[in-house]
Amino acid sequence: MTTHDETPASYRYTSELAGDIERRWQDRWDAEGTFEAPNPTGDLAVDGADGQPLGDKYFIMDMFPYPSGAGLHVGHPLGYIATDVVGRYRRMQGDNVLHSLGYDAFGLPAEIHAVQTGEHPRTNTLANIANMRRQLRRLGLAHDPRRSFATIDPDFVRWTQWIFIQIFESWYDDEQQRARPISELRAEYESGARTAPDGAGWADLEPLERRLLIDSRRLAYVDESPVNWCPGLGTVLANEEVTADGRSERGNFPVFTRNLRQWKMRITAYSDRLIDDLERVDWPESVKNMQRNWIGRSHGARVRFQVEAASTSFDVFTTRPDTLFGATYAVLAPEHELVPALVTDAWPAGTPRSWTNGLETPAEAVAAYRAVAAAKTDLERQENKDKTGVFTGSYATNPVNGEQVPVFIADYVLTGYGTGAIMAVPGGDQRDFEFAEAYGLPIVHTVQPPEGHEGAYVGDGPAVNSAQTGEGATLDVNGLNIAEAKEAVVAWLEAHGAGEGTTTYRLRDWLFSRQRYWGEPFPIVYDESDQPIAVPDHLLPVELPEVPDYSPKTYEPDDADSTPEPPLARADDWVHVTLDLGDGPRPYRRETNTMPNWAGSSWYELRYTDPHNPDAVTDPANERYWLGPKTPGGTGGVDLYVGGVEHAVLHLLYARFWHKVLFDLGHVSSEEPFHRLFNQGYIQAYAFVDERGVYVEASQVEERDGGFWYDGRPVTREYGKMGKSLKNVVTPDEMYEAYGADTFRVYEMSMGPLDVSRPWETRAVVGAQRFLQRVWRLLVDEHTGESLIDDAELDVATLHALHTTIDGVRGDMENLRFNTAVAKLIELTNHLTKVGVSSRAAVEPLVLMLAPLAPHLAEELWSRLGHDDSLTHAPFPVADPAHLTSASVTCVVQVLGKVRGKIEVSPDISDDDLTALALAEPNVVKTIDGREVRKVIVKAPKLVSIVV
RNA sequence: GCCGAGUUGGCGGAAUGGUAGACGCGACGGUCUCAAAAACCGUUGUCCGAAAGGGCGUGCGGGUUCGAGUCCCGCACUCGGCACCA
């Protein structure tokens with residue numbers, strides 16, 4: 001960097017001076033507790049001010065970071081700067097602003113580091129947090145430091161575990177559509193108001209049966225079912241953590257479906273509310289859509305198909321009950337539990353050879369097909385879209401027309417969705433059509449396809465071939481459109497006991513256990529009957545034991561038959577524990593799985609509101625003040641939540657679920673955790689590869705002659721994430737050093753709209769620095785350091801420039817358009833520089849408007865303007881409407897829509913006067929060229945449009 | 001395939017249906033300097049023109065309108081999500 005010793009302007013706003021100013025103000029803000037936000041009650045309430053109004057609240061949150069050992073790059077702070085600008089602006093509007101930053105500190109990288117080094121993950125994580133705090137403090141973020149925490153803090157873990165127990169001790173009442181305490185369910189069983197699904201009364205059940213009955217209803221439950229097992233990571237994963245091609249999102253290892261006993265959360269109970277309440281929050285439409293998509297609600301019908309020969313029946317799910325007359329066969333998933341019952345002893349006479357796969361009996365054919373299907377991974381199943389299947393030998397009855405339709409098994413029907421069985425309508429479904437073609441099955445259209453249409457027709461149209469015939473016919477939907485026909489068929493099915501309208505969801509229950517060390521232990525022990533019991537409150541938090549080895553047992557990534565083995569299982573002394581849970585000291589076994597990374601982030605918004613409360617997650621008064629609904633019927637929640645879109649269906653869905661459980665149980669007054677969500681874009685960066693395809697250090701690449709060069713050799717430019725592997729990292733520390741934090745903040749905010757990703761360009765940062773230097777020069781003499789401020793009155797043009805800027809910047813601030821706010825402030829600064837105005841009446845509002853964006857410089861100039869206090873709570877300037885109109889405006893004169901002349905006019909000129917002036921403008925006269933003026937559109941004073 | 005977002009100078013981007021390209025970077029020219037850097041001033045969509053002025057321009061093709069980057073219809077491409085979900 002340049003040295004400034006010889007520069008004549010020794011009071012210039014250089015990076016050194018900026019650094020001095022910034023550090024000084026950061027220390028002062030800390031010392032004075034400038035950004036501490038008072039609570040209504042508890043340890044953060046203002047002494048002696050209990051019950052005093054605190055003013056309007058504004059609660060801002062960033063998606064909290066994982067404290068990575070690599071430190072920050074310039075992309076990370078983008079959202080933090082934006083929320084900081086909002087927070088500072090709201091404080092100048094008089095709001096009580098809650099803004100802090102915690103750390104999401106459990107997680108895989110720390111565990112991997114621990115496995116490699118033997119160092120406890122806590123040690124490394126705490127060091128990373130300290131480093132990140134240092135980097136962020138230098139940015140000058142207006143956070144309340146008293147409210148920061150990390151999810152690994154024992155005090156935080158205690159409440160994560162407490163919430164887990166609340167969920168464990170609840171069940172979902174479908175009638176009341178809310179979670180209720182498990183004690184109320186037990187009471188209903190005991191009183192006889194409710195019986196077991198098989199009709200058994202409470203008194204008929206053995207104690208263990210009672211427990212199993214209760215346990216089966218809990219919102220957090222242990223269940224043996226197919227889960228995503230990832231041998232490469234040595235742990236199971238939630239559906240949300242598995243990519244579309246069947247690999248782990250983390251590490252990209254293959255994932256296999258295995259039946260394992262694991263913890264789950266009954267998030268599916270909340271499917272409807274999670275979808276419906278999206279209408280009530282202020283979120284980007286794209287994220288709402290992703291959540292709707294993920295939950296995948298579809299309305300349709302369940303239809304019963306009888307199999308007389310086997311004296312049984314199966315249900316299919318369809319979204320198109322209107323096409324039932326076109327169902328010419330049925331398909332079960334290969335894994336469907338009814339398959340063995342449907343397999344006949346021999347092929348029915350006349351069975352086509354293609355239906356048997358060439359095998360002698362249905363039993364052989366089905367067994368062979370099931371074996372092949374089971375051996376396939378999910379990925380293989382997905383990749384092979386050719387329709388295959390085999391006939392079971394059984395026929396089922398189509399309930400509407402009595403037709404006997406063959407029943408197949410085929411792997412294009414999935415076991416996990418709907419009922420795992422379908423009615424196949426080749427006339428109206430492309431997949432069924434392909435299967436029917438391959439197996440020579442009849443194709444019946446039930447919606448009239450357009451002329452010349454081939455294959456399955458999925459569009460709307462009048463129903464055809466859809467009427468019962470003969471005596472006692474009660475169903476005829478011919479001529480109805482799809483919606484009408486659906487309704488009529490469902491009504492008929494319900495009236496005849498053959499099915500009913502129903503809704504299914506794609507969402508599965510949330511797999512909640514992981515075989516890892518570095519996560520929250522479950523507050524659960526098992527008794528001698530191997531059933532889970534919650535650890536009592538006074539024994540929380542359950543802390544992680546010290547273990548010799550932090551690693552779970554990992555396997556070859558494609559070793560599908562391996563079995564998860566959590567590291568905690570090896571801590572014998574910890575696992576086996578004697579507790580007195582009310583009936584004397586007894587031996588128990590601890591749960592050895594840990595919670596997934598998402599646990600802490602599923603409720604942390606609550607802890608910011610009352611971070612040290614020893615008695616509750618948060619005091620109800622504090623929760624109500626910071627998160628409660630602002631208007632009756634509102635959802636409540638954080639006023640502004642900013643983060644990346646990558647959490648659209650993971651964190652944001654989980655957090656909504658937990659929040660709703662806590663709402664149902666009466667612990668919070670808000671129905672949603674985050675009322676307004678904003679997705680910031682990413683800062684990406686150019687990277688360069690040489691002729692071998694190896695990345696070279698991006699900062700050393702030169703651009704010349706229309707190409708890029710590294711060490712004298714040509715390189716090609718690529719674009720991607722900032723990171724070590726692309727050798728294109730730029731750090732905030734480098735920016736502080738070269739330009740100062742304020743310049744860095746202004747540059748990041750001015751690069752473009754907050755929600756758009758954009759490339760980092762270090763050489764453009766200087767533009768922000770030049771801007772701040774111009775502001776500085778308006779107030780301070782660069783050579784002497786003396787003040788240049790005077791008390792001169794402002795001229796009309798400057799008044800106009802100032803007030804339109806105030807007006808515009810306010811609007812931009814409200815709408816998070818910081819890039820245009822910066823542009824307006826630059827314009828004002830350039831105007832003042834040009835006309836040589838350093839009057840207090842102009843520069844003081846400029847400094848105040850700059851304060852949210854470049855707070856250190858603004859504070860420094862504010863004090864040079866003679867103010868002793870921080871400008872944190874100084875009022876943001878208000879535009880005077882009298883100065884928003886200027887003395888004259890440029891009127892554009894168009895002829896046939898093209899601009900042909902401009903005239904300076906008074907803003908309150910009359911239409912007639914303006915028309916006359918426009919028609920007299922020389923170039924307009926020339927363009928009209930004597931033609932007849934047919935029409936004149938006047939939008940005084942800005943525009944006249946002449947039609948000839 | 002379905003859903004969502006997008007496509008504007010050399011680059012990042014700005015534009016309540018009303019002067020397209022604010023603001024910034026870069027580039028070019030200048031001031032200062034022995035010189036360079038920094039800083040400052042000016043020019044900068046493109047083509048024709050000495051200038052005045054004019055032609056063409058917001059992914060492509062249509063449409064509505066006195067007037068379209070903006071509204072409507074169709075298409076292409078890019079990015080994100082979902083996907084044999086019945």
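Chain letters run A, B, ... following the sequence lines, proteins first, then strands; residues in each count from 1. Since the model is a prediction, treat every value here as computed from it, not as a measurement.
- The P atoms of rG57(B) and rA51(B) are separated by 23 Å, rounded to the nearest whole Å.
- Comparing the P positions of rC79(B) and rG10(B) gives a spacing of 22 Å, expressed to the nearest Å.
- With RNA chain B read from its 5' end, the first of the two nearest nucleotides for D429(A) and I946(A) is the one closest to I946(A).
- Within the 4.0 angstrom heavy-atom criterion, only backbone atoms of the sugar-phosphate kind lie near R770(A); the bases stay farther away.
- Side-chain contact, N239(A) with R508(A): no donor N or O sits under 3.5 Å from an acceptor N or O.
- Side-chain contact check for S248(A) and E241(A): no donor-acceptor pair (N or O, by modelled atom type) lies under 3.5 Å.
- Between the CH2 atom of W776(A) and the P atom of rA39(B) there is a distance of 17 Å, rounded to whole Å.
- As judged by a 4.0 angstrom heavy-atom cut-off over every strand, S286(A) is placed among residues touching the sugar-phosphate backbone only.
- Considering only residues two or more places apart in sequence or on other chains, E434(A) meets the side chain to side chain contact (heavy atoms under 4.5 Å, CB included) condition with K387(A), Q430(A).
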Contacts under 3.5 Å, N or O only, protein and nucleotides 78-82 of chain B:
from	atom 1	to	atom 2	distance (Å)
rC82(B)	O3'	R506(A)	NH1	3.1

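- Regarding L896(A), its CG atom lies at a distance of 11 Å from the P atom of rA68(B), rounded to whole Å.
- Residue side chain K824(A) does not reach the base of rC23(B) through any donor-acceptor N/O pair under 3.5 Å, judged by distance alone.
- Syn is the conformation of rG9(B), whose glycosidic angle sits no further than 90° from 0.
- Taking the P atoms as reference points, rG18(B) lies 10 Å from rG69(B), given to the whole Å.
- Counting only Watson-Crick or G-U wobble pairs whose defining distances are both under 3.5 Å, the stems of 3 or more consecutive pairs in RNA chain B are B:1-7 with B:76-82, B:10-12 with B:23-25, B:26-31 with B:39-44, B:45-48 with B:53-56, B:59-63 with B:71-75.
- The aromatic rings of F435(A) and Y412(A) sit tilted relative to each other, their planes meeting at an angle between 30° and 60°.
- Salt-bridge formation is detected for the pair R431(A)/D429(A): a Lys NZ or Arg NE/NH1/NH2 atom is positioned less than 4.0 Å from an Asp or Glu carboxylate oxygen.
- With rounding to whole Å, E702(A) atom CD is found 16 Å from rG26(B) atom P.
- Between F708(A) and F688(A), the ring center distance clears the sub-6.0 Å criterion.
- Distance check on atom C1': rG80(B) versus rC84(B) gives 22 Å, rounded to whole Å.
- Nucleic acid contact class of E434(A) (heavy atoms, under 4.0 Å, all strands): none.
- Rounded to whole Å, the C1' atom of rG45(B) lies 32 Å from the corresponding atom of rC32(B).
- In this model, the phosphate group of rG18(B) is not approached by any side-chain N or O of K939(A) to a distance below 4.0 Å at OP1 or OP2.
- Comment: K834(A) does not engage E827(A) in a salt bridge, judged by the lack of any side-chain N to carboxylate O separation of less than 4.0 angstrom.
- By the ring-ring contact (aromatic ring centres under 6.0 Å, His included) test, W776(A) pairs with Y13(A), sequence neighbours left out.
- Partners of V730(A) according to the side chain to side chain contact (heavy atoms under 4.5 Å, CB included) rule, which considers only residues two or more places apart in sequence or in another chain, are V74(A), M722(A), E734(A), M735(A), W760(A), T762(A).
- A donor-acceptor contact closer than 3.5 angstrom links the side chains of T268(A) and D509(A).
- No more than 12 heavy atoms of other residues, nucleotides or ligands sit less than 6.0 Å from atom NZ of K721(A).
- As judged by a 4.0 angstrom heavy-atom cut-off over every strand, A823(A) is placed among the base-contacting residues.
- As rounded to whole Å, 15 Å separates atom P of rU19(B) from atom CD of E904(A).
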Distances under 3.5 Å only, N/O to N/O: pair up the protein atoms with those of nucleotides 6-13 of chain B.
from	atom 1	to	atom 2	distance (Å)
rG12(B)	O2'	M751(A)	O	2.8

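- When heavy atoms are screened at a 4.0 angstrom cut-off, R774(A) is found touching the sugar-phosphate backbone but no base atom.
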- Whether each nucleotide of nucleotides 49-59 of chain B has a protein heavy atom under 4.0 Å at its base (B), only at its sugar-phosphate (S) or at neither (-) is summarised, 5' to 3', as ----SSSS---
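- Using a 4.0 Å heavy-atom distance criterion, E285(A) is classed as making no nucleic acid contact.
- Heavy atoms of R777(A) sit under 4.0 angstrom from primed sugar atoms or phosphate atoms, though from no base atom.
- Residue R292(A) has no polar side-chain atom (N or O) positioned under 4.0 Å from OP1 or OP2 of rG4(B).
- A salt bridge links D812(A) and R817(A); the closest N-O separation between the charged side-chain nitrogens and carboxylate oxygens is under 4.0 Å.
- To the nearest whole angstrom, the two C1' atoms, one in rC72(B) and one in rA22(B), are 29 Å apart.
- Regarding L825(A), its CG atom lies at a distance of 14 Å from the C1' atom of rA22(B), rounded to whole Å.
- As rounded to whole Å, 12 Å separates atom P of rA68(B) from atom CD1 of I937(A).
- For the pair E500(A) and R304(A), the salt-bridge criterion is met [side-chain N within less than 4.0 Å of a carboxylate O].
- Side-chain N/O atoms of Q430(A) and base N/O atoms of rG1(B) include no donor-acceptor pair closer than 3.5 Å.
- Using P as the reference atom, rG30(B) and rG49(B) are 25 Å apart when rounded to the nearest Å.
- Among the protein residues, V766(A) comes within range of the sugar-phosphate backbone only, with heavy atoms under 4.0 Å from sugar or phosphate atoms but none that close to a base.
- Checked against ring-ring contact (aromatic ring centres under 6.0 Å, His included), F433(A) has no partners two or more places apart in sequence or in another chain.
- Residue-to-nucleotide proximity on RNA chain B shows that, of N830(A) and G296(A), the 5′-proximal contact is made by N830(A).
- In this view, V287(A) and W283(A), P284(A), V645(A), A648(A), L652(A), L677(A), N679(A) satisfy the side chain to side chain contact (heavy atoms under 4.5 Å, CB included) rule, not counting sequence neighbours.
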Name the pairs: protein N/O against N/O of nucleotides 42-45 of chain B, kept only if under 3.5 Å.
from	atom 1	to	atom 2	distance (Å)
rG42(B)	OP1	K834(A)	NZ	3.2

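- Every residue was checked against the ring-ring contact (aromatic ring centres under 6.0 Å, His included) condition with F678(A), not counting sequence neighbours, and none meets it.
- Environment of CD in E285(A): crowded, with over 12 heavy atoms of neighbouring residues, nucleotides or ligands closer than 6.0 Å.
- For the pair D807(A) CG and rU16(B) P, the interatomic distance rounds to 14 Å; values are reported in whole Å.
- Residues meeting the side chain to side chain contact (heavy atoms under 4.5 Å, CB included) test with V339(A), sequence neighbours left out: L332(A), H336(A), V343(A), V366(A), R370(A), I409(A).
- Aromatic ring centres of Y739(A) and Y747(A): separated by at least 6.0 Å.
- Only the C1' atoms considered, rU64(B) is 27 Å distant from rG4(B), to the nearest whole Å.
- Within the 4.0 angstrom heavy-atom criterion, base atoms lie near L414(A).
- Contact annotation: S298(A) side-chain N/O to rA86(B) OP1/OP2 distance is under 4.0 Å.
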